Amino acid sequence: MLDPKLLRGNLDSVVERLSIKKFNLDSDAFIQLEEKRKSLQVSTQNLQNERNSRSRAIGAAKAQGEDIQPLLDQVANLGEDLKKAESELADLQAELDQMLLGIPNIPHETVPAGDSEEENQEVLRWGEPPEFEFEPLDHIELGQNLGAMDFERAAKLSGSRFVTMSGSLVTLHRALIQFMINQHILEHGYTEVYVPYLVNESSLTGTGQLPKFKQDLFRIDSENHNLYLIPTAEVPVTNLVADSITEAADLPLKYVAHTPCFRSEAGSYGRDTRGMIRQHQFEKVELVQMVEPENSMQALEQLTGHAETILQLLGLAYRKVILCGGDLGFSSTKTYDLEVWLPGQKAYREISSCSNMTDFQARRMKARWRNPQNGKPELLHTLNGSGLAIGRTLIAIMENYQQADGSIKIPDPLHPYMNGITEIRA
RNA sequence: GGAGAGCUGGCUGAGCGGCCGAAAGCGGCGGUCUUGAAAACCGUUGACCCGAAAGGGUCCGGGGGUUCGAAUCCCUCGCUCUCCGCCA
């Protein structure tokens, strides 16, 4: 959520900066609601003031043993007027809040203009896409040839966009998780956390998935529960600091979590329908940081670097892009995507997305820290990034480390987690 | 699943329907003392909204009700804890 004060004071510039994100803020509607709110709030508060002072007078009179009946008669209609004003104000406030909750974060000044991912700005390329002396296969063929990956069986169990795997390929999948988490704990200073995979509406509102992106989520709607499957660990991990005040000495908080992620992919019919690129269920190792506001842009660079390190250690060629305004997520002020080279597609594909949410999520979830400068609670800045998406990393390893006979070589850093296996073959 | 207890400020915890935004302690901040620190002592210290300010308003788990007036009474939902049962 944006600072309502910012909207009231600098509406025109906010409208302009949001247009970079292709968001059209209806400033007339906002102004109208605001003016109504203001006058209603003033009149309601006047009524409340009157009630308070008259009630005090009655109390005082009663204590003196005076006859309070005349005083009671005077306030006969006050209650009703007040109740009406209060409920009107509450309705209006709710309407205003709904509007506020639907406005995205303001893009950072370094975010390039652009409509779609085509206009994302490349920052760097790392590594060389591997040369093959044979025609490289994609992960689907590789996986099926190894007898280790089966989409049809998964479809039988659950439908499209699911996969079953078996044998050493699954060990590799699990090894990736272990390797990444250990790297982040031991080398990058993160604390590992375990969190629920089912969360309530308020958590999802806190991080910005709700109310706007309900269609992207899986909901558990049973007799006694109204919960959602997490689309990313960002939701439970960031909400760890919801409704709390963190001491400055404890910052930055750096958390790493491995969780499954569940996405309905409602808006992506027909995209990446084959293979493991876009699934309803996938694993991810997620990095989350809570930092002092002035450090957040620097923290974004650092966090993105932590994700990049994983790709580098695995020897996977990638490029780093800054998302343009049109491709930038709802809650983010600036996002770097890391795109790994996939020989099967002869293209760079997203494998990590690292974002600075500034105070946008913190305001929604009331996540604050105590600023020692003035002793006052202020909003934190929150950041998150994949470090990395496991399914897509698995694909990248398969395609980049495939050999002429269809086997797959395991990169060195994963060996400690592979039970002695150095190659996966049929 | 059955029985009971509770939810109050950064934390612990008190709070006859009006004098309660809320005692007290801890913690924090400022000071005295000290070469410095600790201890001790003194002072200070909730969040949010409207307002240039004065000031006003809201907030004692959420929602609703009773009342001139609710942290306090009633209803309801949520959560936490204890005991019993069941159980990975």
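If you're wondering where the values come from, they're calculated on a predicted model, not measured in any experiment. Heavy atoms only: backbone and side chains are in, while hydrogens, waters and symmetry mates are out.
When the side-chain nitrogen and oxygen atoms of A:Asn52 are compared with OP1 and OP2 of B:G18, none of them lie within a distance under 4.0 Å. Contact check, A:Lys83 against B:U66: a side-chain N or O comes under 4.0 Å of OP1 or OP2. Between B:G56 and A:Asn49, no contact under 4.0 Å exists linking OP1 or OP2 to a side-chain N or O.
Residue A:Ile58 is in base contact, counting any heavy-atom pair closer than 4.0 Å across all strands shown.
Across B:A71 and B:G18, the matching P atoms stand 10 Å from one another, rounded to whole Å. Comparing the same atom, C1', in B:C77 and in B:C41 gives a spacing of 50 Å after rounding to whole Å. Atom name C1', nucleotides B:U12 and B:C16: the rounded distance is 24 Å, in whole Å. B:C73 and B:G25 are spaced 30 Å apart, taking the C1' atom of each and rounding to whole Å. Taking atom C1' in both B:G78 and B:C87, the straight-line distance is 25 Å, to the nearest Å. With both ends at atom P, the span from B:G10 to B:G62 equals 14 Å, rounded to whole Å. Distance noted for atom C1' between B:U45 and B:U34: 26 Å (whole Å). Rounded to whole Å, the C1' atom of B:G27 lies 38 Å from the corresponding atom of B:A3.
B:U72 makes up no base pair with any nucleotide shown, lacking Watson-Crick or G-U wobble contacts both under 3.5 Å. Under the Watson-Crick or G-U wobble criterion, with both distances below 3.5 Å, B:A22 is left unpaired in every strand shown. Summarising the base pairing, B:C81 is matched to B:G4 through a Watson-Crick or G-U wobble pair whose two defining distances lie under 3.5 Å. Across all strands shown, B:C87 has no partner, as no Watson-Crick or G-U wobble contact with both distances under 3.5 Å is found. Under the Watson-Crick and G-U wobble criteria, each requiring two contacts below 3.5 Å, nucleotide B:U67 is left unpaired. In this structure, B:G36 forms no base pair with any nucleotide, since neither Watson-Crick nor G-U wobble geometry is met with both distances under 3.5 Å. Base-pair partner of B:C29: B:G43 (Watson-Crick or G-U wobble, both distances under 3.5 Å).
With sequence neighbours excluded, the residues forming a salt bridge (Lys or Arg N to Asp or Glu O under 4.0 Å) with A:Glu34 are A:Arg8, A:Arg37, listed by chain and number.
For residues 39-47 of chain A, proximity to RNA chain B is found at A:Gln41, A:Gln45, defined as any non-hydrogen atom under 4.0 angstrom from a strand atom.
Listed candidates were B:C68, B:G10, B:G57. Nearest to the side chain of A:Arg370 is B:G10. For A:Ser55, whose side chain is taken as the heavy atoms from C-beta onward, the closest listed nucleotide among B:U58, B:G56, B:C68 is B:C68. In this structure, the nucleotide among B:G56, B:U58, B:C68 sitting nearest to the side chain of A:Lys62 is B:C68. For A:Leu72, the listed nucleotide lying nearest its side chain is B:C68; candidates were B:C49, B:A47, B:C68. Picking from B:G56, B:A47, B:U58 the nucleotide with the shortest atom distance to the side chain of A:Lys376 gives B:A47.
Rounded to whole angstrom, the span from the CG atom of A:Asp97 across to the P atom of B:U58 amounts to 18 Å. The distance from atom CG of A:Leu380 to atom P of B:G10 is 15 Å, rounded to the nearest whole Å. Rounding to whole angstrom units, NZ of residue A:Lys366 and C1' of B:G61 are separated by 14 Å. For the pair A:Asn226 CG and B:C79 P, the computed distance is 12 Å after rounding to whole Å. What separates CZ of A:Arg51 from C1' of B:A70 is a distance of 10 Å, to the nearest Å. Rounded to whole angstrom, the span from the CD1 atom of A:Ile245 across to the C1' atom of B:C29 amounts to 15 Å. For the pair A:Asp91 CG and B:G64 C1', the computed distance is 15 Å after rounding to whole Å. Remark: P of B:U67 and CG of A:Leu82 are 14 Å apart, rounded to the nearest angstrom.
Separation of the A:Phe360 and A:Phe330 ring centroids falls under the 6.0 Å cut-off.
Look at A:Arg161 and A:Glu265 and you find no salt bridge, because none of the NZ, NE, NH1 or NH2 atoms lies under 4.0 Å from a carboxylate O. A salt bridge is absent between A:Glu119 and A:Lys22: the closest approach of a Lys/Arg side-chain nitrogen to an acidic carboxylate oxygen does not fall below 4.0 angstrom.
Across all non-hydrogen atoms, the minimal contact from A:Ala113 to A:Ile20 is CA-CG2, 4.5 Å. Residues A:Phe282 and A:Pro231 approach most closely at CZ-O, 4.4 Å, considering heavy atoms.
One side chain, A:Asp337 or A:Ser353, offers a donor N or O that lies under 3.5 Å from an acceptor on the other.
Residue order along RNA chain B, read from the 5' end via each residue's closest nucleotide, puts A:Glu34 first among A:Glu86 and A:Glu34.
In summary, of the residues considered (A:Leu2, A:Asp3, A:Leu7), a side chain to side chain contact (heavy atoms under 4.5 Å, CB included) with A:Lys5 occurs for A:Asp3 alone.
Environment of NZ in A:Lys156: sparse, with no more than 12 heavy atoms of neighbouring residues, nucleotides or ligands closer than 6.0 Å. Around CD of A:Glu301, the count of heavy atoms belonging to other residues, nucleotides or ligands within 6.0 Å exceeds 12.
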